[in-house]
Protein chains: 2
Amino acid sequence: MLIKEKREMKYEKKQNKEQDILIAAEEEFLTKGYDGARTTSIAQRAGVTHAMLHYYFRTKEQLFNRVVEQKFGMVAMTMASVIADLSLPIVERIVHGARAHFDIAAKDPKLPAFMIHEILSNPERSTMIREKVKWITLNVHQNLQAQLDMAANRGEIRKIDAAELLLDIISLNVFSVLIYPFISQIADGFLPNYEDFKVKRKAEIADTIRRKLLIQ
Amino acid sequence: MLIKEKREMKYEKKQNKEQDILIAAEEEFLTKGYDGARTTSIAQRAGVTHAMLHYYFRTKEQLFNRVVEQKFGMVAMTMASVIADLSLPIVERIVHGARAHFDIAAKDPKLPAFMIHEILSNPERSTMIREKVKWITLNVHQNLQAQLDMAANRGEIRKIDAAELLLDIISLNVFSVLIYPFISQIADGFLPNYEDFKVKRKAEIADTIRRKLLIQ
DNA sequence: AATTTGTTTAACAATTTTGTTAATGCAAAG
DNA sequence: CTTTGCATTAACAAAATTGTTAAACAAATT
């Protein structure tokens with residue numbers, strides 16, 4: 001009993017340091033990118049010596065991979081939950097999905113810029129990122145196209161390409177949350193705070209998507 | 001006469017090397033970012049020794065600033081030409097502007113990702129980028145809001161916030177061209193080539209924007 | 001208590017990257 | 001033809017950054 005407790009304490013202690021480093025690394029990598037990130041800086045953030053960082057993760061690149069793995073695993077899980085309620089009418093179902101996606105994007109505003117920059121700046125290193133994104137996207141696309149085709153055949157919406165619609169939703173949502181920091185610096189003064197901005201923007205995007213689906 | 005020619009040759013030679021370095025630097029900085037870029041690599045691309053690079057530009061940061069200055073100067077000029085033909089009806093005028101903006105974005109697909117990453121990863125260093133973007137955006141916004149208000153008062157379109165519309169157009173255009181490299185890797189095989197993709201995407205976005213403006 | 005196992009530290013080593021300098025070349029001007 | 005000014009090179013220096021190692025340490029096992 002006593003022994004078991006102590007063993008757990010030791011295990012926890014190790015776990016914590018490793019996790020501390022991972023958390024610090026995520027912050028550093030997501031804002032500065034692989035090249036801008038410094039292992040010493042990450043170690044500092046995590047409150048450990050940089051030798052410890054190398055002890056747990058050996059190299060910067062291995063640490064990077066662990067961070068990417070963990071982060072995209074979480075995003076993939078969240079994405080899976082977007083699958084909209086099939087009982088809703090098609091238009092509401094898609095608009096609801098778009099709003100849910102907005103929230104996901106808003107929760108991790110730095111992720112898309114990170115992804116894009118990494119894949120652009122070093123495609124080989126970021127194979128894993130591409131694989132993860134591919135996996136997530138293909139599922140959603142197939143599912144969506146089937147739903148759109150059925151609804152279009154029933155005359156509920158106009159005929160529409162799922163890839164285009166998906167790209168619209170992703171573009172509008174991701175870019176909006178991605179760019180807020182700039183807007184706030186550009187339009188300082190006459191801009192609502194982040195929360196108000198998000199509410200208004202989400203509604204506007206939902207409306208834009210709804211209008212896209214109408215037959216008219 | 002002979003003397004003058006020789007003097008020009010010498011001058012040209014210098015000009016060329018400096019320009020060569022600037023061109024190579026733009027490629028390197030835009031794809032790898034400030035942190036990922038290497039002055040030695042830039043020098044190699046430009047076909048000069050890296051000592052030459054330092055001779056002309058002293059430091060990496062000064063070279064970076066020159067590249068940013070030059071690049072955003074060109075973009076600002078191109079943007080100015082988007083100002084749509086006022087003789088067109090409002091809806092067509094805006095849709096035309098959106099299409100023109102798509103072409104600008106498509107001409108420099110790496111620029112937005114570069115901007116975003118730099119401002120995020122090192123706000124102090126990229127003050128100049130922010131200033132340039134601010135200057136460009138504010139003009140367009142004011143102009144657009146005035147046009148929208150007039151048209152809405154005449155009952156030609158619904159009342160709409162220029163900032164939201166602008167954000168829609170920029171999001172859709174920029175993100176679309178930005179993300180093509182990924183899509184092509186994700187959906188290899190059943191994806192049109194870049195030219196076809198752009199044509200279809202531009203039309204789709206134009207339609208999306210048009211639908212946004214309708215009163216209905 | 002002694003041993004084993006994994007953790008932590010500090011000092012060091014290696015490499016990469018930026019930046020400098022002194023010497024050389026070369027064309028134009030006096 | 002010598003001097004002047006800029007361009008160019010190669011070698012070097014300095015700094016930053018990643019990665020290693022040997023020794024100290026702590027906790028659990030025997």
Side-chain angles (χ1 to χ4, degrees), chain A residues 1-25 27-29 31-67 118 121-122 124-125, chain B residues 1-25 27-29 31-67 118 121-122 124-125:
Chain A
M1 182 85 151
L2 246 165
I3 294 167
K4 203 182 174 188
E5 261 174 36
K6 285 199 179 175
R7 190 190 285 153
E8 271 171 19
M9 268 181 68
K10 190 189 173 187
Y11 189 62
E12 261 177 39
K13 210 176 173 188
K14 187 214 158 187
Q15 278 289 71
N16 281 343
K17 294 242 168 172
E18 204 173 329
Q19 263 306 114
D20 288 352
I21 296 172
L22 275 171
I23 290 167
E27 285 173 20
E28 180 99 357
F29 280 131
T31 61
K32 305 198 179 172
Y34 181 89
D35 292 313
R38 299 286 164 242
T39 53
T40 50
S41 163
I42 292 171
Q44 251 188 311
R45 285 197 202 219
V48 302
T49 62
H50 87 279
M52 283 272 36
L53 183 147
H54 287 289
Y55 170 71
Y56 281 119
F57 300 96
R58 201 80 187 163
T59 66
K60 184 181 180 183
E61 196 159 342
Q62 277 188 46
L63 175 57
F64 179 78
N65 285 332
R66 287 284 303 274
V67 168
E118 290 307 322
S121 73
N122 195 327
E124 303 99 63
R125 193 202 298 132
Chain B
M1 181 86 150
L2 244 167
I3 294 167
K4 203 182 175 187
E5 260 175 37
K6 284 199 179 174
R7 189 191 288 154
E8 271 171 18
M9 267 181 70
K10 190 188 172 185
Y11 189 60
E12 260 178 40
K13 212 175 173 187
K14 186 215 156 184
Q15 277 290 71
N16 281 342
K17 295 243 168 172
E18 202 173 331
Q19 261 306 112
D20 288 352
I21 296 173
L22 275 170
I23 291 166
E27 285 173 21
E28 181 100 356
F29 280 130
T31 62
K32 305 198 179 173
Y34 182 89
D35 291 315
R38 298 288 165 243
T39 53
T40 49
S41 163
I42 293 172
Q44 251 188 313
R45 284 198 203 219
V48 302
T49 63
H50 87 279
M52 282 271 40
L53 183 148
H54 287 289
Y55 172 70
Y56 281 119
F57 300 96
R58 202 83 188 165
T59 67
K60 184 182 180 183
E61 196 159 342
Q62 277 187 47
L63 175 58
F64 179 78
N65 286 333
R66 288 284 303 274
V67 167
E118 290 307 321
S121 73
N122 194 327
E124 303 98 64
R125 193 203 295 130

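Chain naming here is simple, since letters A, B, ... match the order of the sequence lines and numbering starts at 1 in each. Just so it is clear, the model here is predicted, and its values are computed rather than measured.
The listed nucleotides are D:dT8, C:dT9, D:dG19; the one nearest the side chain of B:M52 is D:dT8. Nearest to the side chain of B:T59, among D:dA10, D:dA7, C:dG19, sits C:dG19.
Taking all atoms of both residues into account, the shortest heavy-atom contact from B:K60 to B:A37 is NZ-O, 2.9 Å. Across all their heavy atoms, A:D35 and A:S121 have their closest contact at OD2-OG, 4.4 Å.
Distance CD/A:E28 to CG/A:L63: 10.0 Å, rounded to 0.5 Å.
The CG atom of B:D35 sits 13 Å away from the C1' atom of D:dA16 (whole-angstrom rounding). Rounding to whole angstrom units, CG of residue A:L53 and P of D:dT18 are separated by 9 Å. Counting to the nearest Å, the C1' atom of D:dA16 and the CD atom of A:Q44 are 14 Å from each other. Distance OH (B:Y56) to P (C:dG19): 18 Å, rounded to an integer number of Å. A straight line from CZ of A:F57 to P of C:dT7 spans 12 Å, rounded to a whole angstrom. The OH atom of B:Y55 sits 17 Å away from the P atom of C:dG25 (whole-angstrom rounding). Distance A:E61 CD to D:dT17 P: 18 Å, rounded to the nearest Å. Counting to the nearest Å, the C1' atom of D:dA10 and the NE2 atom of B:H54 are 14 Å from each other.
At D:dT18, one or more side-chain N or O atoms of A:T39 fall inside 4.0 Å of OP1 or OP2 (strictly under the cut-off). Distances shorter than 4.0 Å separate some side-chain N or O of A:K17 from OP1 or OP2 on C:dT8.
Using a 4.0 Å heavy-atom distance criterion, B:T40 is classed as a base contact. Residue contacts shown for B:A43 are absent, as no nucleic acid heavy atom lies under 4.0 Å away.
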* **Verdict with supporting geometry, B:L22 and B:Y56, side-chain contact (heavy atoms from CB on, under 4.5 Å)** => CA-CA 10 Å; B:L22 275 170; B:Y56 281 119; over 6 Å; no
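Where A:R38 and A:R58 each meet DNA chain D at their nearest nucleotide, the meeting point lying more 5' is that of A:R38.
The cationic atom of B:R125 (NZ for Lys, CZ for Arg) lies less than 6.0 Å from the six-membered ring centre of B:Y34 and within 45° of the ring axis.
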